[in-house]
Number of protein chains: 2
Amino acid sequence: MARKSKVTSLDIAERAGVSQATVSRVLCGSPLVNVETRKRVEEAVRELNYKVDRHASSLRTQRSGTLALLLFEDPTPDDSHINPFFLSMLGSITRACARHGHDLLVSFQQLSDDWHADYEDSMKADGLILLGYGDYLAYRGKLDSLVEQGTHFVRWGAVLPGQPGISIGCDNHHGGRLVGEHLAGLGRRRIAFLGDASSHYPEFFDRYRGCDAALQAQGLRMEPALQVDAVSSEEAGYEAARSLMARQEPFDAVFAASDLIAIGAMRALTEAGHRVPEDIAVAGFDDIPMARFAQPALTTVYQDTSRAGALLVESLLAQIGNRPVQSTTLPASLVVRRSSGAG
Amino acid sequence: MARKSKVTSLDIAERAGVSQATVSRVLCGSPLVNVETRKRVEEAVRELNYKVDRHASSLRTQRSGTLALLLFEDPTPDDSHINPFFLSMLGSITRACARHGHDLLVSFQQLSDDWHADYEDSMKADGLILLGYGDYLAYRGKLDSLVEQGTHFVRWGAVLPGQPGISIGCDNHHGGRLVGEHLAGLGRRRIAFLGDASSHYPEFFDRYRGCDAALQAQGLRMEPALQVDAVSSEEAGYEAARSLMARQEPFDAVFAASDLIAIGAMRALTEAGHRVPEDIAVAGFDDIPMARFAQPALTTVYQDTSRAGALLVESLLAQIGNRPVQSTTLPASLVVRRSSGAG
DNA sequence: CTGAAAGCGCTTACAG
DNA sequence: CTGAAAGCGCTTACAG
């Protein structure tokens, strides 16, 4: 069952009665080829089921036709619990790559890893897409060195002034504001926030501040006593909600920085005898598929992963092609379900 | 911000005062290098931040050090709704690749696409991992041609006698049996099955037969009148459950061929006024993360995706290295939650 | 243990 | 429009 010996462009050239260079021209879609010649070559290609060797081609052109997706979550011991939100992004990024004729290399990284240069230096990929939550301050230095090395990359995340490289992100502040207005509009007054609210996690921080802005418009505010740190996982949400309850500070709503946190929080609240949404209204962020099936179904903020993925790929490709690119903020929209107690 | 001109092994050779061939030997870990020489080279590599050019290396060795994961689901118009079960597999496959020093190319495919040869012929990947449900009979022909071309591949799916290529799968029959024993043990007598139960979908069919075997041990059986076709999606599960109810055949349990189907079915049942599990017990298959959060939490069959991913990668690598490989069936285990009405 | 040299399979100026 | 030739950056027999 040995593979047939490899078909090269020379075999095609011979069969079509042309030079190898002409075969290459046909396959690159060069316009400098006679129509008849082209046809003969294409036929030979089909007959011998020839495929251009990507390595030879890339070695010559110094372009790999491949993008690398680096997915990182800091404390992820377990394979299978990657944040579903990023998985959705992965799906749309893969498709966007395919649409643009590029391949996608996928890799999971620890934030602590030394991932920042490998892919482009070894020519494995023409550029990097960075995805994942993590301590922004801890990896800002890595972004700086990527920029310094001239590596092409785009990042999903908060769009910050003076930030290294380019980012595509959702309007976290507006998303937070929508949640704040919604909960306050339903009469909630003491809204707890589960998730980091500091410049270490700019996305979460923006969501927090957006919510706070909405409250302030009504003469209310987010209480620091009602904020509990949490990374984006169900377990962290559960623990954060328990810490919150242990503080004995009254609250009538929870805004979780992500859906995973919200789902964990609802579990803790319910276990402790609180009714959601009657006693405590809950809202999340991301609109992961699970949100619809949570009990009660989770009110959350939708981010258009399909568009985000396409934009990430297109921006990266533009950057690689030396076309102008800029960071972009995508809209966020509120999805009202039962957990917030509306209707 | 132009990239520094590329560092090659010649630059390293010059700096270390050796030939380029020696540099290459050091980087390939060849034992035929003097310790002192090796040190000098390694230092130069570090100083210039040199990385071996993968294309040049692959062109020379005819090995790419890359595996391709082809994920297909037949009717998947929407990016973001890839079956979570496969996403878990993706996670563990990615990690297994990394452990073995290989890169992973990911691609979503329609079953109808002409994917079967591209990756290996163009040298993009040394082998293929095929993942996805779909009409087995429709793509068995493609497996045959992969074998014929000598392409290296492994497939996640049912392990069937006389099957082309090698497969890693879970013990679907045993999983189905566990569900059948569980439901019958709880006094359920008329168990509906949602999902294809034919050789077009061998995994589903095995689950069906396993359940039937358990019932027969108790003098019961699966009724053809209670079987409804469904692909693995929430929507399909919802529709299938509605068709089932429209038949007006009595049933007291539903065994869904996948968790997604089960979740859709529970929605349809609840909407129609049935209580789960009091009126109708429900069980699924896969144990996707969502299963825990369904309402009620879903009884299901767990498959070890972590081990499955590792085994897929290792089998493929063994095959590429001409080491002996064989198809393997992994164990399945029952996870009892509220939806089946136990306890 | 080390070096000189061939060659992997392409793409792309350069001539014509 | 087409061909002959150089060269991308490695790895690996072949000599020594």
Side-chain angles (χ1 to χ4, degrees), chain A residues 3-42 44-45 48-66 101 118 120-126, chain B residues 3-42 44-45 48-66 118-126:
Chain A
R3 291 180 67 74
K4 311 186 196 84
S5 75
K6 199 173 186 221
V7 178
T8 72
S9 54
L10 270 166
D11 300 317
I12 305 298
E14 192 181 357
R15 191 178 188 100
V18 297
S19 75
Q20 183 269 330
T22 298
V23 172
S24 180
R25 287 200 190 89
V26 170
L27 270 65
C28 295
S30 160
L32 319 161
V33 188
N34 183 292
V35 189
E36 293 305 316
T37 315
R38 175 181 300 278
K39 280 211 180 107
R40 279 214 312 286
V41 170
E42 281 167 349
V45 165
L48 299 185
N49 192 239
Y50 169 70
K51 295 284 179 337
V52 175
D53 183 306
R54 280 287 286 274
H55 297 299
S57 165
S58 297
L59 176 57
R60 196 41 242 251
T61 60
Q62 302 289 71
R63 273 287 158 79
S64 72
T66 300
D118 202 32
E120 196 166 338
D121 282 342
S122 63
M123 302 293 295
K124 286 188 211 170
D126 298 328
Chain B
R3 290 179 68 72
K4 314 187 195 80
S5 76
K6 197 173 187 221
V7 179
T8 71
S9 54
L10 269 166
D11 299 318
I12 305 298
E14 193 181 358
R15 189 178 190 100
V18 297
S19 73
Q20 182 270 330
T22 297
V23 174
S24 180
R25 285 199 191 90
V26 170
L27 270 64
C28 296
S30 159
L32 320 160
V33 188
N34 183 291
V35 188
E36 294 304 316
T37 316
R38 176 182 299 279
K39 279 210 181 106
R40 280 215 311 288
V41 171
E42 279 167 351
V45 165
L48 299 184
N49 192 239
Y50 168 70
K51 295 285 180 336
V52 175
D53 183 308
R54 281 287 286 273
H55 298 299
S57 164
S58 297
L59 176 58
R60 195 41 244 248
T61 60
Q62 301 291 70
R63 273 287 157 81
S64 72
T66 300
D118 204 31
Y119 285 87
E120 198 166 335
D121 282 344
S122 63
M123 302 293 294
K124 286 188 213 171
D126 297 329

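Predicted model, so just to flag it, every value in this text is computed and none were measured. Chain identifiers are assigned alphabetically (A, B, ...) following the order of the sequence lines, protein sequences preceding nucleic acid strands; residue numbering begins at 1 within each chain.
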* Contact class for B:Thr37 vs. all strands (heavy atom < 4.0 Å): base, sugar-phosphate, or nothing? -> sugar-phosphate

- Under 4.0 angstrom, heavy atoms only, what part of the nucleic acid is A:Gln62 near: base, sugar-phosphate, or nothing? sugar-phosphate

Can you tell me if the side-chain N/O atoms of B:Tyr50 get under 4.0 Å from OP1 or OP2 in D:dC10? yes

Answer for the Watson-Crick or wobble partner of C:dC14, both distances under 3.5 Å, is D:dG3

In whole angstroms, the gap separating P of D:dA4 from CG of A:Leu10 amounts to 11 Å

B:Leu48 and B:Val7 have their tightest heavy-atom pair at O-CG2, 3.8 Å

| message | Could you check whether the side chain of A:Arg60 and the base of D:dG9 have a donor-acceptor pair of N or O atoms closer than 3.5 Å, going by distance alone? | response | no

Exercise. Is the number of heavy atoms from other residues, nucleotides or ligands under 6.0 Å of A:Glu14 CD greater than 12?
Worked result: no

Rounded to whole Å, the CZ-C1' distance (A:Arg63 to C:dG9) equals 20 Å

Atom CG of B:Asn34 and atom C1' of C:dT2 are separated, to the nearest Å, by 10 Å

- OP1 or OP2 of D:dT11 sitting under 4.0 Å from any side-chain N/O of B:Ser57? yes

To the nearest angstrom, the CG-P distance between A:Leu27 and C:dG9 comes to 15 Å

Between CZ of B:Arg25 and P of C:dG3 the distance, given in whole Å, is 8 Å

Between B:Gln20 and the options B:Thr8, B:Ile12, B:Leu10, the side chain to side chain contact (heavy atoms under 4.5 Å, CB included) test singles out B:Leu10

message = Over all strands shown, is B:Ser24 touching base, sugar-phosphate only, or nothing at heavy-atom distances under 4.0 angstrom?
response = base

Closest non-hydrogen contact found for B:Leu59 with A:His55 is N-CB, 4.0 Å

The nucleotide from C:dC10, C:dC1, C:dT11 with an atom nearest the side chain of A:Ala56 is C:dC10

Here the distance between atom P of D:dG9 and atom CZ of B:Arg54, to the nearest Å, is 17 Å

Heavy atoms only, 4.0 Å cut-off, all strands: where does A:Ser58 land among base, sugar-phosphate and nothing?
nothing

Quick note, B:Thr61 side chain, CB onward, closest among D:dC1, C:dC10, D:dT12 is D:dT12

Closest heavy-atom pair, A:Gln62 versus B:Lys6, reported as atoms and distance to 0.1 Å, is NE2-CD, 3.8 Å

**Asked** At under 4.0 Å, does any side-chain N or O of A:Ser19 touch on OP1 or OP2 of D:dT2?
**Response** no

Considering only heavy side-chain atoms of A:Ala21, the closest of D:dA5, C:dG9, D:dT11 is D:dA5

B:Asp53 has its side chain closest, among C:dG9, D:dC10, C:dG3, to D:dC10

Of A:Cys28 and B:Leu32, the one whose nearest nucleotide on DNA chain C sits closer to the 5' end is B:Leu32

When B:Thr22 and B:Leu59 are each assigned the nearest nucleotide of DNA chain D, the 5'-most assignment goes to B:Leu59

When rounded to whole Å, the NE2 to C1' distance for the pair B:His55 and C:dC10 reads 12 Å

Rounded to whole Å, NZ of B:Lys6 lies from P of D:dC8 at a distance of 11 Å

Closest non-hydrogen contact found for A:Arg38 with A:Pro31 is NH2-CA, 4.3 Å

